[in-house]
Protein chains: 2
Amino acid sequence: MGMAAYKGQVKNIQDTPFGYTLSVIGGKWKMVIIYLLAENQPVRFNDLKRQIGSITFKVLSSQLKELESDGLIERKEYPQIPPKVEYRLTAKAETLLPVLEGLCEWGARNQNK
Amino acid sequence: MGMAAYKGQVKNIQDTPFGYTLSVIGGKWKMVIIYLLAENQPVRFNDLKRQIGSITFKVLSSQLKELESDGLIERKEYPQIPPKVEYRLTAKAETLLPVLEGLCEWGARNQNK
DNA sequence: ATAGGTACTATCAGAAAGGATAGTGTCAAT
DNA sequence: ATTGACACTATCCTTTCTGATAGTACCTAT
């Protein structure tokens, strides 16, 4: 199983398991966000922005929204002033971590060849 | 290690192991191509096109070139008429297969939730 | 003579992703 | 009074990705 889902013709990769996984982690910053959250949960918005460095507000905001709607992160808003919002990984995201480790390890071994 | 490469600020994800792996497999069709090659090597150009179905010549051609320049596939041209070109996976690509299996399995388990 | 197969390339167009910049409302500190 | 922190949103622009369509050069089969 797994990759056997590609038997026959492929119409929309989005509908295959691989396509789904990539749609969830394939954004330019998603993996970085997941990693940073895994390291020190929970994290606040501007904190995340500072840690990533070169991302813009808009892009960080849209990536977080997508991760949230894909069920990988939880957003918790504290109704106070100044506002406070915390992000943390869901259980679903935790099951992704070993897979991401695999991607990183393969990358580390093959990057400079 | 692995994901620890994200310590500190991230300038270019391309330079991280994860970014490298995604740059190599992240194209819309690359995973499909790798899977089909893994299933029945070697494969010829038009054969691949027929199996994938909805890809265009141009896109297939460019994805194959990128995979080749990333060292994942080998292109062998037979100087005859009509022309014949065969594609197959390299040893480097074979080491990627378990990682791709991981992506697919996670996707299969989480796709419809 | 026409159609079809081989492996493509070239050109143009549209969609999607990502980035730059500015602004919102409230409060605390200087 | 100004600055800065918080968590964003809105608008516009550029870059990248993907797709549609047509065409090349040669051969074989009908």
Side-chain angles (χ1 to χ4, degrees), chain A residues 9-16 18-20 22-33 36-37 42-70 73-88, chain B residues 9-16 18-20 22-33 36-37 42-70 73-88:
Chain A
Q9 290 208 336
V10 176
K11 256 96 203 187
N12 291 320
I13 12 81
Q14 290 297 78
D15 301 336
T16 67
F18 171 77
Y20 172 72
L22 268 202
S23 78
V24 152
I25 62 160
K28 182 167 176 185
W29 303 100
K30 287 183 182 172
M31 164 65 178
V32 179
I33 293 169
L36 292 173
L37 255 60
V43 184
R44 299 176 65 178
F45 187 88
N46 279 347
D47 224 21
L48 210 43
K49 160 128 180 59
R50 265 188 300 272
Q51 288 182 62
I52 299 179
S54 44
I55 200 170
T56 63
F57 294 118
K58 183 203 150 190
V59 173
L60 177 55
S61 170
S62 69
Q63 301 272 294
L64 286 171
K65 276 203 184 96
E66 287 173 28
L67 285 168
E68 195 193 356
S69 80
D70 285 329
I73 64 177
E74 258 177 31
R75 196 188 109 103
K76 192 170 181 187
E77 197 173 339
Y78 296 84
Q80 61 184 47
I81 278 168
K84 177 177 171 183
V85 180
E86 286 180 348
Y87 295 92
R88 70 187 73 218
Chain B
Q9 292 207 335
V10 177
K11 257 95 203 189
N12 292 319
I13 13 81
Q14 291 296 76
D15 300 336
T16 67
F18 171 75
Y20 172 72
L22 270 200
S23 78
V24 153
I25 61 160
K28 182 166 177 187
W29 303 101
K30 287 184 184 174
M31 164 64 177
V32 180
I33 293 169
L36 291 173
L37 256 59
V43 185
R44 299 177 65 178
F45 188 87
N46 280 349
D47 224 21
L48 211 43
K49 161 126 179 59
R50 265 189 299 273
Q51 288 184 63
I52 299 179
S54 46
I55 199 171
T56 62
F57 294 117
K58 182 201 151 191
V59 174
L60 177 54
S61 169
S62 71
Q63 301 271 293
L64 286 171
K65 278 204 182 97
E66 286 173 28
L67 286 168
E68 195 193 355
S69 82
D70 286 329
I73 65 176
E74 258 177 33
R75 198 187 108 104
K76 192 169 179 186
E77 198 174 339
Y78 295 85
Q80 62 185 43
I81 279 170
K84 176 178 172 183
V85 179
E86 286 180 348
Y87 296 91
R88 70 187 73 219

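Here is how names work: the chains are called A, B, and so on, in the same order as the sequence lines, proteins then strands, and each is numbered from 1.
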>> Please determine whether a side-chain nitrogen or oxygen atom of A:R50 lies at a distance below 4.0 Å from atom OP1 or OP2 of D:dC6.
In response: yes

>> Need to verify one output field. Residue with the more 5' nearest nucleotide on DNA chain C, A:V59 or A:P83?
In response: A:V59

> Can a salt bridge be assigned to the pair B:E66 and B:K30 using a cut-off of 4.0 Å between side-chain N and carboxylate O?
Replying inline: yes

>> Distance check needed: D:dA7 C1' versus A:E86 CD, whole Å only.
In response: 13 Å

>> Using OP1 and OP2 only, check whether a side-chain N or O of A:R44 sits under 4.0 Å from D:dC6.
In response: no

> Hey, does the side chain of A:Q80 come within less than 4.0 Å of D:dC6's phosphate (OP1/OP2), counting only N and O?
Replying inline: no

> Separation of B:E77 atom CD from C:dT9 atom C1', in whole Å?
Replying inline: 14 Å

> NZ/B:K58 to OG/B:S62 distance, rounded to the nearest 0.5 angstrom?
Replying inline: 6.5 Å

> If you check every side-chain atom of B:R75, which of D:dC8, D:dG19, C:dC8 has the closest atom?
Replying inline: C:dC8

> B:W29 and side-chain contact (heavy atoms from CB on, under 4.5 Å): which partner among B:L64, B:L36, B:I52?
Replying inline: B:I52

>> Whether B:K49 contacts C:dC8 is assessed here as follows: a side-chain N or O lying under 4.0 Å from the phosphate OP1 or OP2. Is that the case?
In response: no

>> Could you tell me how far apart B:W29 (CH2) and D:dT18 (C1') are, to the nearest whole angstrom?
In response: 10 Å

> With nearest nucleotides of DNA chain D determined for B:I81 and A:D47 from heavy-atom distances, which residue corresponds to the more 5′ nucleotide?
Replying inline: A:D47

>> From CG of B:L64 over to P of C:dT9, roughly how many Å is that when rounded to an integer?
In response: 10 Å

> Which atom names give the shortest non-hydrogen contact between B:L48 and B:I33, and what distance separates them?
Replying inline: CD2-CG2, 4.3 Å

> Counting only side-chain N and O atoms of B:K65, is one of them less than 4.0 Å from OP1 or OP2 of C:dT9?
Replying inline: yes

> When you check the phosphate oxygens OP1 and OP2 of C:dG19, does a side-chain N or O of A:K28 lie under 4.0 Å from one of them?
Replying inline: yes

> D:dA20, C:dG18, D:dC26: which one has an atom nearest the side-chain heavy atoms of B:T56?
Replying inline: D:dA20

> Side-chain donor or acceptor of B:K58 under 3.5 Å from a matching atom on the base of D:dT18?
Replying inline: yes

> NA contact type, B:E66, heavy-atom cut-off 4.0 Å: base, sugar-phosphate, or nothing?
Replying inline: nothing

>> As an exercise, state the distance from NZ of B:K84 to CZ of B:R44, rounded to the nearest 0.5 Å.
In response: 5.5 Å

> Tell me: CZ of A:F45 to P of D:dC6, nearest whole Å?
Replying inline: 11 Å

> Taking CZ from B:F57 and P from C:dT11, how many angstroms apart are they, rounded to a whole number?
Replying inline: 18 Å

>> For a quick check of understanding: with a heavy-atom distance under 4.0 Å over all strands, which category does A:Y78 fall into, base, sugar-phosphate or nothing?
In response: nothing

>> Can you identify which nucleotide, out of D:dA7, D:dT18, C:dT9, has its nearest atom closest to the A:N46 side chain?
In response: D:dA7

> Taking CD from B:Q63 and P from D:dT16, how many angstroms apart are they, rounded to a whole number?
Replying inline: 16 Å

> Do any side-chain nitrogens or oxygens of A:S62 fall under 4.0 Å of OP1 or OP2 in C:dA17?
Replying inline: no

> Does NZ or CZ of B:K76 fall inside the cone over B:Y87's six-membered ring, less than 6.0 Å from its centre and within 45° of the axis?
Replying inline: no

> Roughly how many Å is it from CD1 in B:I52 to P in D:dT18, rounded to a whole number?
Replying inline: 13 Å

